[in-house]
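Each remark here refers to the structure printed beneath this line.
Please read these numbers as outputs of a predicted model, since none were measured by experiment.
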Amino acid sequence: MEDDRRTCLIEGVVTAPHHLLVTPAASVDPSDAVVSSVVRHLLEVMRSTPGCRGLTAPQLGVGWRLMCLDVSGHPSTRSCSGELVIANPEVVEAADWDVAREGCLSVPGLAAEVARATQITVQGVRPGTGEPMTLHADAFEARCVQHQIDHLDGLLFLDRVAGTRAMHAVRKGGQAA
(Lines give C-alpha, C1' and ligand atoms only; values in the text may rest on other atoms or scores of the structure.)
Protein backbone atom coordinates (compact mmCIF):
# COMPACT_ATOMS: atom_id res chain seq x y z
CA MET A 1 0.00 0.00 0.00
CA GLU A 2 1.29 3.45 -0.83
CA ASP A 3 1.91 5.96 1.96
CA ASP A 4 -0.20 8.68 0.30
CA ARG A 5 -3.28 6.49 0.67
CA ARG A 6 -2.70 6.24 4.42
CA THR A 7 -3.22 9.95 4.96
CA CYS A 8 -6.50 10.42 3.07
CA LEU A 9 -8.95 9.38 5.82
CA ILE A 10 -11.59 12.07 6.31
CA GLU A 11 -14.05 12.80 9.10
CA GLY A 12 -17.29 12.80 7.06
CA VAL A 13 -18.68 10.69 4.26
CA VAL A 14 -17.65 11.68 0.73
CA THR A 15 -20.50 12.37 -1.66
CA ALA A 16 -20.91 12.08 -5.42
CA PRO A 17 -19.20 13.12 -7.63
CA HIS A 18 -16.06 12.38 -5.54
CA HIS A 19 -13.51 10.46 -7.66
CA LEU A 20 -13.10 7.64 -5.09
CA LEU A 21 -16.78 6.73 -5.53
CA VAL A 22 -16.21 5.85 -9.19
CA THR A 23 -12.74 4.30 -8.87
CA PRO A 24 -12.27 0.59 -8.11
CA ALA A 25 -10.65 0.20 -4.69
CA ALA A 26 -7.29 -1.53 -4.17
CA SER A 27 -6.90 -4.78 -2.24
CA VAL A 28 -5.49 -4.38 1.25
CA ASP A 29 -3.11 -6.30 3.49
CA PRO A 30 -5.51 -7.19 6.31
CA SER A 31 -2.66 -7.48 8.84
CA ASP A 32 -1.40 -3.91 8.24
CA ALA A 33 -1.83 -1.74 11.36
CA VAL A 34 -3.05 1.15 9.22
CA VAL A 35 -5.89 -1.07 7.95
CA SER A 36 -6.91 -1.69 11.57
CA SER A 37 -6.99 2.06 12.13
CA VAL A 38 -9.26 2.57 9.10
CA VAL A 39 -11.51 -0.27 10.37
CA ARG A 40 -11.91 1.51 13.72
CA HIS A 41 -12.86 4.72 11.93
CA LEU A 42 -15.30 2.92 9.60
CA LEU A 43 -17.08 1.33 12.56
CA GLU A 44 -17.14 4.60 14.49
CA VAL A 45 -18.74 6.49 11.59
CA MET A 46 -21.24 3.69 10.85
CA ARG A 47 -22.28 3.44 14.52
CA SER A 48 -22.67 7.20 14.91
CA THR A 49 -24.59 7.87 11.68
CA PRO A 50 -28.36 7.44 12.04
CA GLY A 51 -29.77 4.92 9.54
CA CYS A 52 -26.34 3.77 8.35
CA ARG A 53 -26.27 0.00 7.77
CA GLY A 54 -22.93 -0.22 5.97
CA LEU A 55 -19.91 1.82 4.97
CA THR A 56 -16.76 1.42 2.87
CA ALA A 57 -13.27 2.86 3.04
CA PRO A 58 -13.75 4.81 -0.25
CA GLN A 59 -16.70 6.62 1.35
CA LEU A 60 -14.25 7.88 3.98
CA GLY A 61 -11.60 8.95 1.48
CA VAL A 62 -9.47 5.78 1.36
CA GLY A 63 -9.42 3.75 -1.87
CA TRP A 64 -9.18 0.31 -0.22
CA ARG A 65 -11.35 -2.84 -0.46
CA LEU A 66 -12.61 -2.59 3.10
CA MET A 67 -16.23 -2.54 4.27
CA CYS A 68 -18.34 -2.83 7.39
CA LEU A 69 -22.03 -3.47 7.92
CA ASP A 70 -24.64 -4.19 10.56
CA VAL A 71 -28.26 -4.79 9.57
CA SER A 72 -29.39 -5.62 13.12
CA GLY A 73 -32.88 -4.35 13.80
CA HIS A 74 -33.80 -3.49 10.21
CA PRO A 75 -37.36 -4.68 9.51
CA SER A 76 -36.42 -6.41 6.22
CA THR A 77 -33.59 -8.41 7.80
CA ARG A 78 -33.71 -12.22 7.75
CA SER A 79 -30.06 -13.26 7.93
CA CYS A 80 -28.03 -11.09 10.28
CA SER A 81 -24.33 -11.53 10.94
CA GLY A 82 -24.29 -8.60 13.37
CA GLU A 83 -21.51 -6.07 13.12
CA LEU A 84 -19.14 -7.30 10.45
CA VAL A 85 -15.96 -6.04 8.78
CA ILE A 86 -14.61 -7.63 5.60
CA ALA A 87 -11.39 -6.91 3.72
CA ASN A 88 -11.12 -7.72 0.01
CA PRO A 89 -14.70 -9.05 -0.31
CA GLU A 90 -15.89 -10.73 -3.49
CA VAL A 91 -19.33 -12.13 -4.34
CA VAL A 92 -18.80 -15.76 -5.40
CA GLU A 93 -22.46 -16.81 -5.70
CA ALA A 94 -25.66 -14.85 -6.31
CA ALA A 95 -29.24 -16.01 -6.89
CA ASP A 96 -32.93 -15.07 -6.69
CA TRP A 97 -33.01 -11.47 -7.87
CA ASP A 98 -35.50 -8.90 -6.57
CA VAL A 99 -36.05 -5.15 -6.91
CA ALA A 100 -36.20 -2.90 -3.85
CA ARG A 101 -35.55 0.73 -2.93
CA GLU A 102 -32.04 1.79 -1.90
CA GLY A 103 -30.45 4.99 -0.71
CA CYS A 104 -26.88 5.93 0.13
CA LEU A 105 -25.07 8.38 2.40
CA SER A 106 -22.85 9.27 -0.58
CA VAL A 107 -25.87 10.21 -2.72
CA PRO A 108 -28.00 12.29 -0.34
CA GLY A 109 -31.52 13.16 -1.36
CA LEU A 110 -32.04 10.26 -3.78
CA ALA A 111 -33.29 6.69 -3.57
CA ALA A 112 -33.97 4.24 -6.39
CA GLU A 113 -35.39 0.85 -7.22
CA VAL A 114 -32.42 -1.50 -7.69
CA ALA A 115 -32.30 -5.18 -8.70
CA ARG A 116 -30.07 -7.27 -6.43
CA ALA A 117 -29.61 -10.96 -5.63
CA THR A 118 -31.50 -12.00 -2.50
CA GLN A 119 -29.14 -14.93 -1.81
CA ILE A 120 -25.37 -14.40 -1.91
CA THR A 121 -22.11 -15.94 -0.81
CA VAL A 122 -19.16 -13.62 -0.24
CA GLN A 123 -15.54 -14.50 0.42
CA GLY A 124 -13.04 -12.16 2.02
CA VAL A 125 -10.67 -11.89 4.95
CA ARG A 126 -10.95 -10.59 8.49
CA PRO A 127 -8.91 -7.44 9.08
CA GLY A 128 -6.37 -7.86 11.85
CA THR A 129 -6.05 -11.64 11.57
CA GLY A 130 -6.11 -12.19 7.81
CA GLU A 131 -8.33 -15.21 8.47
CA PRO A 132 -10.34 -16.19 5.37
CA MET A 133 -14.08 -15.85 5.82
CA THR A 134 -17.22 -16.82 3.96
CA LEU A 135 -20.51 -15.00 4.45
CA HIS A 136 -23.88 -16.39 3.38
CA ALA A 137 -26.52 -13.66 3.37
CA ASP A 138 -30.09 -13.22 2.22
CA ALA A 139 -32.78 -10.56 1.97
CA PHE A 140 -31.73 -7.12 3.28
CA GLU A 141 -28.29 -8.25 4.48
CA ALA A 142 -27.52 -9.56 0.96
CA ARG A 143 -28.67 -6.23 -0.53
CA CYS A 144 -26.53 -4.26 1.91
CA VAL A 145 -23.42 -6.36 1.23
CA GLN A 146 -23.84 -5.97 -2.55
CA HIS A 147 -24.34 -2.21 -2.17
CA GLN A 148 -21.05 -1.97 -0.23
CA ILE A 149 -19.16 -4.17 -2.69
CA ASP A 150 -20.43 -1.94 -5.51
CA HIS A 151 -18.72 0.98 -3.73
CA LEU A 152 -15.49 -1.03 -3.70
CA ASP A 153 -15.91 -1.69 -7.44
CA GLY A 154 -16.37 2.02 -8.19
CA LEU A 155 -20.15 1.81 -8.66
CA LEU A 156 -23.03 3.68 -7.06
CA PHE A 157 -26.55 2.33 -6.72
CA LEU A 158 -27.51 4.87 -9.40
CA ASP A 159 -25.40 2.87 -11.87
CA ARG A 160 -27.85 -0.02 -11.40
CA VAL A 161 -31.07 1.95 -11.94
CA ALA A 162 -33.11 0.88 -14.98
CA GLY A 163 -34.44 4.37 -15.69
CA THR A 164 -35.40 7.72 -14.20
CA ARG A 165 -38.85 6.42 -13.22
CA ALA A 166 -37.09 4.15 -10.72
CA MET A 167 -35.54 7.15 -8.92
CA HIS A 168 -37.13 9.00 -6.01
CA ALA A 169 -36.30 12.21 -4.19
CA VAL A 170 -35.88 11.75 -0.45
CA ARG A 171 -36.60 14.39 2.16
CA LYS A 172 -34.55 14.69 5.33
CA GLY A 173 -35.39 11.79 7.61
CA GLY A 174 -35.47 9.31 4.72
CA GLN A 175 -39.08 9.76 3.58
CA ALA A 176 -39.84 9.78 -0.14
CA ALA A 177 -40.93 13.19 -1.40
Hey, what do you get for CD (E83) to CG (L43), rounding to the nearest 0.5 Å? 4.5 Å

Taking it one step at a time, do V38 and W64 satisfy side-chain contact (heavy atoms from CB on, under 4.5 Å)? CA-CA 10 Å; V38 173; W64 294 345; 3.4 Å; yes

Between [X] and [Y], does any side-chain donor sit less than 3.5 Å from a side-chain acceptor?
X	Y	answer
D138	S79	yes
Q59	S106	yes
E141	T77	no

Decide whether [X] and [Y] are clustered together by the hydrophobic rule: side chain heavy atoms of Ile, Leu, Val, Met, Phe, Trp, Tyr closer than 4.5 Å, transitively.
X	Y	answer
V161	L156	yes
V85	V35	yes
V145	L42	no
I149	I120	yes
L135	L152	yes

Check ion pair R116-D150 (N to O, under 4.0 angstrom): yes

Indicate yes or no: does D70 engage R47 in a salt bridge with an N to O separation below 4.0 Å. no

Kindly indicate, with the supporting measurements, whether the criterion side-chain contact (heavy atoms from CB on, under 4.5 Å) is fulfilled by V122 and V92. CA-CA 6 Å; V122 172; V92 294; over 6 Å; no

Indicate the atoms forming the closest heavy-atom contact of [X] with [Y], along with that distance.
X	Y	result
G103	H147	O-CE1, 3.4 Å
S48	P50	O-CD, 3.4 Å
M46	C68	SD-SG, 3.7 Å
P30	A87	CB-CB, 4.3 Å

For a side-chain contact (heavy atoms from CB on, under 4.5 Å) check, start with the C-alpha distance between L55 and H151, then their side-chain angles and the critical distance, and finish with the verdict. CA-CA 9 Å; L55 202 58; H151 277 298; over 6 Å; no

If we only count heavy atoms from C-beta on, is the [X] to [Y] side-chain gap below 4.5 Å?
X	Y	result
T121	V91	no
W97	T118	no
L105	C52	yes
R78	F140	no
I86	L84	yes

For [Y], does its backbone N or O pair with a side-chain atom of [X] as donor and acceptor, under 3.5 Å?
X	Y	value
T134	Q123	no
R126	M133	no
D32	D29	no
Q146	A142	yes
R53	S72	yes

Step by step, would you call E93 with H136 a side-chain contact (heavy atoms from CB on, under 4.5 Å)? CA-CA 9 Å; E93 289 182 39; H136 302 283; over 6 Å; no

Salt bridge (Lys or Arg N to Asp or Glu O under 4.0 Å) with E113: which of R160, R143, R101? R101

Would you tabulate the side-chain donor-acceptor contacts of residues 12-26 under 3.5 Å, counting partners in other chains and residues two or more places apart, or write 'none'?
| from | atom 1 | to | atom 2 | distance (Å) |
| --- | --- | --- | --- | --- |
| H18 | ND1 | L20 | N | 3.1 |
| T23 | OG1 | H19 | O | 2.6 |

